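To keep things clear, I will list the structure first and then write my remarks on it.
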Amino acid sequence: MSVRVRFAPSPTGFLHIGNVHTALFNWLFARHEGGESRLRIENTDTSREVAEATEQIQESLRWLGLDWDGELTFQLDRMERCREEAQRLLDEGHAYEDEGAIRIRMPDEGVTGWTDLIRGHIEYPNDKLEDLVAVRADGRPTYNFASPIEDWLDGITHVLRGEDHISNTPKQIRILEALGAPLPEYGHLANILGDDGRKLSKRHGDVTVEEFRADGYIPEALFNFLALLGWSYDDKTTVMSREELVERFTLDRVGASPAVFDYAKLDWLNGVYLRALPLDEYANRLVTYLREQGYDWDEELVRRAAPLVQEKIATLREFPAFAGFLFARPEATAVDGAVLPAAADALGAVEPFESDRIEAALRELAERLGLKPRDAFQPIRLAVTGSSVSPGLFESLELLGKEESLARIAGSGRGGPSGSSAR
RNA sequence: GCCCCCGUCGACUAGCGGUCCAGGUCACGGCCCUUUCAAGGCCGUAGCGCGGGUUCGAAUCCCGCCGGGGGCACCA
């Protein structure tokens, strides 16, 4: 039988990175096995938010490249079927009515066990299993009843979910057995934690896909990073493309212990991916990102600035702070400007105003003044970019153009900024 | 309280009885390169939770303890 898995978020808002991790592992497993990955929205409550949240979830999954097979389904659409099954259980004596609700009989002795795909054999004592409510007094099926029924109806072969579901598994197994339905395989993934060992939450940093996106991470980096949380290929491979991940992902290499989300490592990986992008693609990402973030900077200038920053920033978000001086004149900074007048003279004579010529002129100037390159260039950098940290000075000067560069060096020149202002 | 899961460097992990006085990556420290910052190169600090077993031999198997997490709803 071919593999079929499902990812079943509840439409409460943005996709939490922990849930995305679960979705990713389901997806990788399905794709590796050549099976199907389904998307199911567990919306037992009809709230107005559902439509938006559902759209949001899909958008996040699409951005990450986690596609799904078939139409997405809604738990709500299966309520009637669930009630029918409950009625059948009632008729067959597997369930009974209790104050208007329908409860399913659970065994009192023995154990309920299964071979967990990533934890091995797990046993749960049956005397801890209470007769659980399948359908509430108001007619709404409960999660623990609806979920396994849907897995059954959808032909789900492998249920990969968070470890917080471990204690639900014996209940669901008993339900399925009472229903006479086949059992899927179960695998419980470990949680993703924050650096304090607690469940990842807002105070640790970004937690939703949208936040990571807004903070300038690119999907292939997040994808790769998430895959390495609780899974590894071997003892030395870290950077893997989506295709390699699909090809190499197997459940037997998924770990059972919780992993801490290391933001520093994600930054590094994001930088790796950013640097590896072809220049024009890099520029495209930058342009798209800045547009999404509300910057109306000149696209052509952004593209020309792209090569100056690619080697230097780890997230797209750093661009505005790092290269913003190209689009708006920075605040005047107090500088030790002893070399500035001479630099202005030297630059004024450069023609055409291109980086290699600029470099030659400035190096010649430094030598003439007996200054180390660092000491000669840093004041210029400060005057022109407003910061002691910037893209390469010569290239930056070229992009700004002679007039604007000289104006900035003069400290109060004429001429406006070469681009429009931010936000 | 009861039940279940987990436990290798600060972090992610490799390790599935000997080839491990434990390997890789991030972070951290040092050096090199260098117009700043990055990137890159080289070097380094750092770990098998504890105690018993089993075995010629244990990070690897068993038991106990300790620690962490999750679950015990007419929530999902």
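Hydrogens, waters and symmetry mates play no part in the numbers below; they use all other heavy atoms, side chains included. So that the names make sense, note that chain A is the first sequence line, chain B the second, and so on, each numbered from 1. None of the values given here were measured: they were computed from a predicted structure.
With B/rU35, B/rA38, B/rC26 as the candidates, the nucleotide lying closest to the side chain of A/Phe377 is B/rU35. In this structure, of B/rU25, B/rU36, B/rU13, it is B/rU25 that holds the atom nearest to the side chain of A/Trp268. The A/Glu311 side chain lies nearest to B/rA38 when the options are B/rC12, B/rU25, B/rA38. You'll find that the side chain of A/Ser10 is closest to B/rA76, out of B/rG69, B/rA76, B/rU13. Among the nucleotides B/rA76, B/rA39, B/rU35, the one closest to the side chain of A/Arg275 is B/rA39. For A/Lys265, counting side-chain heavy atoms from C-beta on, the closest listed nucleotide (B/rU35, B/rU25, B/rC4) is B/rU25. In this structure, of B/rC6, B/rC37, B/rC4, it is B/rC6 that holds the atom nearest to the side chain of A/Ser257. Residue A/Ala264 places its side chain closer to B/rA27 than to any other of B/rC74, B/rC4, B/rA27. Distances from the side chain of A/Val133 to the nucleotides B/rA11, B/rA76, B/rC74 place B/rC74 closest.
The nearest heavy atom of RNA chain B to A/Trp231 and to A/Asp138 marks one nucleotide each, and the one closer to the 5' end goes with A/Trp231. Heavy-atom distances to RNA chain B give each of A/Pro258 and A/Lys128 a nearest nucleotide, and the one nearer the 5′ end belongs to A/Lys128.
Whole-Å rounding puts the A/Phe261 CZ to B/rU13 C1' distance at 16 Å. Taking atom OH of residue A/Tyr143 and atom P of nucleotide B/rC72, one finds them 11 Å apart after rounding to whole Å. One atom, CG of A/Asp235, and another, P of B/rG23, lie 11 Å apart when rounded to the nearest Å. In this structure, CD of A/Glu163 is placed 11 Å from P of B/rG69, rounded to the nearest angstrom. Note: CZ (A/Arg363) to C1' (B/rU36) measures 12 Å, nearest angstrom. Summarising the geometry, the separation between CD1 on A/Ile57 and P on B/rA76 is reported as 16 Å, rounded to the nearest angstrom. In this structure, A/Asp252 atom CG and B/rG15 atom P are separated by 10 Å, rounded to whole Å. To the nearest angstrom, C1' of B/rA76 lies 12 Å from CZ of A/Arg40.
Looking at heavy-atom distances under 4.0 Å, A/Gly255 makes no contact with the nucleic acid at all. A/Glu123 comes within 4.0 angstrom of the backbone, heavy atoms only, and of no base.
Cation-pi geometry between A/Arg38 and A/Phe7 is not met: the NZ or CZ atom fails to fall both under 6.0 Å from the ring centre and inside 45° of the normal. Remark: A/Arg6 is not positioned above the aromatic ring of A/Trp152, lacking an NZ or CZ atom under 6.0 angstrom from the ring centre and at most 45 degrees off the axis.
Within 6.0 Å of the OH atom in A/Tyr233, the count of heavy atoms belonging to other residues, nucleotides or ligands does not exceed 12.
Of the C1' atoms belonging to B/rG64 and B/rU54, the separation is 15 Å, rounded to the nearest Å.
For the residue pair A/Tyr96/A/Asp131, the side-chain donor-acceptor check at 3.5 Å is satisfied.
The side chain of A/Ser232 contributes an N or O atom lying less than 4.0 Å from OP1 or OP2 of B/rA14.
Ring planes of A/Trp297 and A/Phe327: parallel class, angle under 30° (limits at 30 and 60°).
Here A/Arg213 pairs with A/Glu59 in a salt bridge; the nearest charged N to carboxylate O distance falls below 4.0 Å.
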